[in-house]
Structures are given as structure tokens and as C-alpha cells.
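Letters A, B, ... mirror the listed sequences (proteins, then strands); counts begin at 1. Note that the structure is a prediction, hence the values are computed from the model and not measured.
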Protein chains: 2
Amino acid sequence: MSINPTKPTYAPGCEETCVHPQAVVQARATLPDDACVIQATHFLKLLGDPTRLKILSALSSTELCVCDLSAVVGLSESAVSHQLRLLRAGRLVAFRRAGRVVYYRLQDEHVTRLLQSALEHARE
Amino acid sequence: MSINPTKPTYAPGCEETCVHPQAVVQARATLPDDACVIQATHFLKLLGDPTRLKILSALSSTELCVCDLSAVVGLSESAVSHQLRLLRAGRLVAFRRAGRVVYYRLQDEHVTRLLQSALEHARE
DNA sequence: GCAATATATGACTACTTGCTCAGATGTTCA
DNA sequence: TGAACATCTGAGCAAGTAGTCATATATTGC
């Protein structure tokens with residue numbers, strides 16, 4: 001609860017005056033630090049797009065090149081390349097170059113597992 | 001590979017002509033259906049925002065009311081209410097009303113588990 | 001009923017995002 | 001070297017998103 005309806009009111013110890021101050025203090029204490037939250041949400045955001053999820057799902061069984069992926073997800077190679085760039089920056093995928101062709105694969109098990117979990121949840 | 005550089009070319013059987021046609025056909029076959037992808041990404045998108053992740057993280061130990069959550073995440077009660085609305089619609093949280101106060105809690109174990117996984121991944 | 005309080009909602013805005021298009025980069029092979 | 005090909009990249013735009021502010025709704029206690 002707040003004295004001013006729009007802004008919460010802070011008691012001298014930087015602890016909020018609210019309906020359940022103790023619960024708030026406790027929750028704030030166990031909350032992961034900002035850097036961690038940012039990183040986690042960045043990761044989840046990368047998974048939370050249909051095109052990227054399809055790309056990752058396709059890569060979960062085998063490595064594929066850009067134009068393969070383009071055919072799989074049904075989008076232009078440019079669009080896929082843009083998404084792969086983001087996935088690379090977020091270290092969700094790795095790649096190797098073979099001549100003109102670049103093969104992408106999932107970076108680690110963690111990605112595979114979270115992918116599975118999310119898809120399972122969706123099927124319920 | 002494509003004959004026209006911008007658009008992939010489709011062979012008569014709705015199978016793409018590409019660098020590795022077999023791999024593409026296989027990948028497309030094992031790709032989860034669109035509805036499933038949409039649902040999964042919708043769920044992940046809800047997790048992939050700092051404010052919502054903090055809200056969910058706070059709720060992972062105990063139920064809290066809107067103004068508690070407002071104090072925890074350091075945003076206006078209105079902003080929190082908007083996010084809770086989305087989380088409710090996505091069935092990530094449940095709530096109970098007690099007089100004027102509405103208590104929110106996580107809907108199921110699945111949410112907790114995925115939350116943990118993502119935070120773990122972030123800490124590496 | 002009426003004032004006070006807790007929450008919800010609608011309109012608006014600044015920001016982000018995913019695609020397309022055009023063109024750049026890098027690799028192969030004649 | 002130069003043409004062909006696979007991929008990458010930057011600009012620009014349409015759609016989506018998260019917050020603020022003002023206001024509506026719902027519940028309590030007088």
C-alpha cells in the first residue's frame with residue numbers, strides 16, 4: 001500500500017511500506033541480481049520467437065546450412081541470417097564454415113533441454 | 001540453394017530444392033506443428049521480460065499482493081497490474097481475492113522449473 | 001450510502017523487433 | 001581474374017510492447 005497512489009513510499013531503511021513489508025523484504029532479498037535477470041530474459045527472449053524456435057528445433061537433430069534453414073522455416077535466407085546472427089550473439093548456436101556453405105548447430109545441451117521443456121509445456 | 005536469390009524455389013512435391021534436400025525434408029517432418037510453436041513461444045515470451053521474470057521469481061517462494069509486488073520490482077502498481085494481466089492470461093499465475101487485496105501465486109511447477117533453468121543458465 | 005483503499009483498465013507514447021530490399025563480403029572454380 | 005554462389009549486413013518500415021497517467025471497478029467500514 002502506498003500513501004501516494006502512484007508511487008510506493010519508502011521507509012528510512014530503503015524498505016517499503018506496504019501490505020506485507022516482511023514478505024517484501026524477503027522477496028527482495030532472494031530476488032536474483034539485475035545482471036542475472038537481464039541475462040536470463042535475454043536468453044528467453046531469443047527462444048520466444050516462432051522463427052528462432054523453429055530454427056533451433058530444426059538444429060536439435062542435425063546441423064544445417066542457412067539455405068536449408070530458410071527452406072525449413074519458409075522464410076528468406078536474409079531473414080534467417082538475421083535471426084542466426086542474434087542466436088550466435090546469444091551463444092545459442094555455433095557454426096563452421098565449409099567452403100561457401102556455413103553449417104549451424106546448437107551450442108550446448110542447455111538449449112536443447114529448455115527447448116524441450118517449453119515445447120512439452122505447450123502441448124499440455 | 002535457390003534459383004532466385006531472394007525467394008526459395010519449390011519443387012512440385014512442396015519439397016525445397018536446396019543444398020541438402022533430404023536433411024530439409026527430415027527437419028520439416030520433425031518440426032513441431034505451428035500451433036505448438038506459437039504456444040511455446042508465447043509462453044517463453046512471457047518469461048522473457050525483466051519485470052515479469054522478477055514478479056515470477058518473487059512469487060516462487062510465496063504468494064504476494066499487487067502492491068507487495070510493486071514494491072519488490074520497484075515499479076508502479078499500475079505497471080505491475082498490466083504485467084499480471086498478461087501472466088494471468090497466459091496461465092502462468094493464479095490468484096485469490098481476500099477483501100480488497102488480491103494475492104497472486106505461480107500456477108504450476110512447470111513455471112518454477114523453467115524459471116530455475118533459465119536463471120541457472122544465466123549464471124554460467 | 002459514502003469515503004477510503006486495492007486493483008484493473010483504456011488511451012497514449014517511446015521504444016523495440018522482425019521482416020524486406022538492396023547491396024557488400026567471402027569462397028569456389030573455370 | 002572474373003562469374004557464380006552462399007551468406008552477411010545496413011537501412012527502413014510496420015507491428016508489437018512496456019511503461020505512464022487518468023479513470024473505472026470492487027470491497028470495506030463508518
[X] has an atom [atom1]; how far is it from atom [atom2] of [N], in whole Å?
X      : N      : atom1 : atom2 : answer
B:R96  : C:dT7  : CZ    : P     : 12 Å
A:H42  : C:dT16 : NE2   : C1'   : 12 Å
B:R52  : D:dG16 : CZ    : C1'   : 12 Å
B:D49  : D:dG16 : CG    : C1'   : 13 Å
B:E77  : D:dG19 : CD    : C1'   : 15 Å
A:Y103 : D:dC8  : OH    : C1'   : 18 Å
A:L69  : D:dC8  : CG    : C1'   : 15 Å
A:E63  : D:dT7  : CD    : P     : 12 Å

(request) Before giving the answer on side chain to side chain contact (heavy atoms under 4.5 Å, CB included), spell out for B:S60 and B:L106 the whole-Å C-alpha distance, their side-chain angles and the decisive distance to 0.1 Å. (result) CA-CA 6 Å; B:S60 70; B:L106 297 189; 3.9 Å; yes
(request) Hey, could you give me the CD/CD distance between B:Q116 and B:E109, rounded to the nearest 0.5 Å? (result)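 Those atoms lie 10.5 Å apart.
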(request) Would you give the length of the straight line joining atom NE2 of A:H82 to atom CG of A:L75, rounded to the nearest 0.5 angstrom? (result)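 One gets 12.0 Å once the value is rounded to the nearest 0.5 Å.
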(message) With nearest nucleotide decided by heavy atoms, which residue, A:K45 or A:A79, maps closer to the 5′ end of DNA chain C?
(response)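 Residue closer to the 5' terminus by nearest nucleotide: A:K45.
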(message) Reading DNA chain C from 5' onward, which residue's closest nucleotide shows up sooner: A:R100 or A:T51?
(response)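 Mapping each residue to its closest nucleotide by heavy atoms, the 5'-most match is A:T51.
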(message) Between the base of C:dC21 and the side chain of A:S78, is one N or O donor paired with an acceptor at under 3.5 angstrom?
(response)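 By the distance-only test, yes, there is a pair.
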(request) Would you classify B:Y104 as touching base, sugar-phosphate or nothing, given that sugar-phosphate means primed atoms plus P, OP1 and OP2, and contacts are heavy atoms under 4.0 Å? (result)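 Since only primed, P, OP1 and OP2 atoms lie under 4.0 Å of B:Y104, the category is sugar-phosphate.
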(message) A cation-pi test, strictly: NZ or CZ of B:R105 under 6.0 Å from the centre of the six-membered ring of B:F95 and no more than 45 degrees from its axis. Yes or no?
(response)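 Not flagged: B:R105 not positioned over aromatic ring of B:F95.
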(message) Given C:dG26, D:dC8, C:dC19, identify the nucleotide with an atom nearest to the side chain of A:L75.
(response)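 Closest nucleotide among those given: C:dC19.
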(message) Would you say B:R91 and B:Q107 are linked by a side-chain donor-acceptor pair, where the criterion is simply a distance under 3.5 Å?
(response)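 No - no donor-acceptor pair under 3.5 Å links their side chains.
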(request) Examine D:dA6: is either OP1 or OP2 under 4.0 Å from a nitrogen or oxygen in the side chain of A:R97? Give yes or no. (result)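 Looking at the OP1 and OP2 atoms of D:dA6, neither is under 4.0 Å from any side-chain N or O of A:R97.
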(request) Tell me, please, which residues at least two apart from B:H110 pass side chain to side chain donor-acceptor pair (under 3.5 Å). (result)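 Testing B:H110 for side chain to side chain donor-acceptor pair (under 3.5 Å), a comparison that skips the adjacent residues, returns A:H121.
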(message) Which residues in residues 80-89 of chain B have a heavy atom closer than 4.0 Å to any atom of DNA chain C?
(response)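 Of all residues in residues 80-89 of chain B, the ones placing a heavy atom under 4.0 Å from DNA chain C are B:S81, B:H82, B:R85, B:R88.
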Donor-acceptor contacts, no H, no angles, side chain residues 32-47 of chain A, under 3.5 Å, sequence neighbours left out:
{"from": "A:T41", "atom 1": "OG1", "to": "A:V37", "atom 2": "O", "distance (Å)": "2.9"}
{"from": "A:T41", "atom 1": "OG1", "to": "A:I38", "atom 2": "O", "distance (Å)": "2.9"}

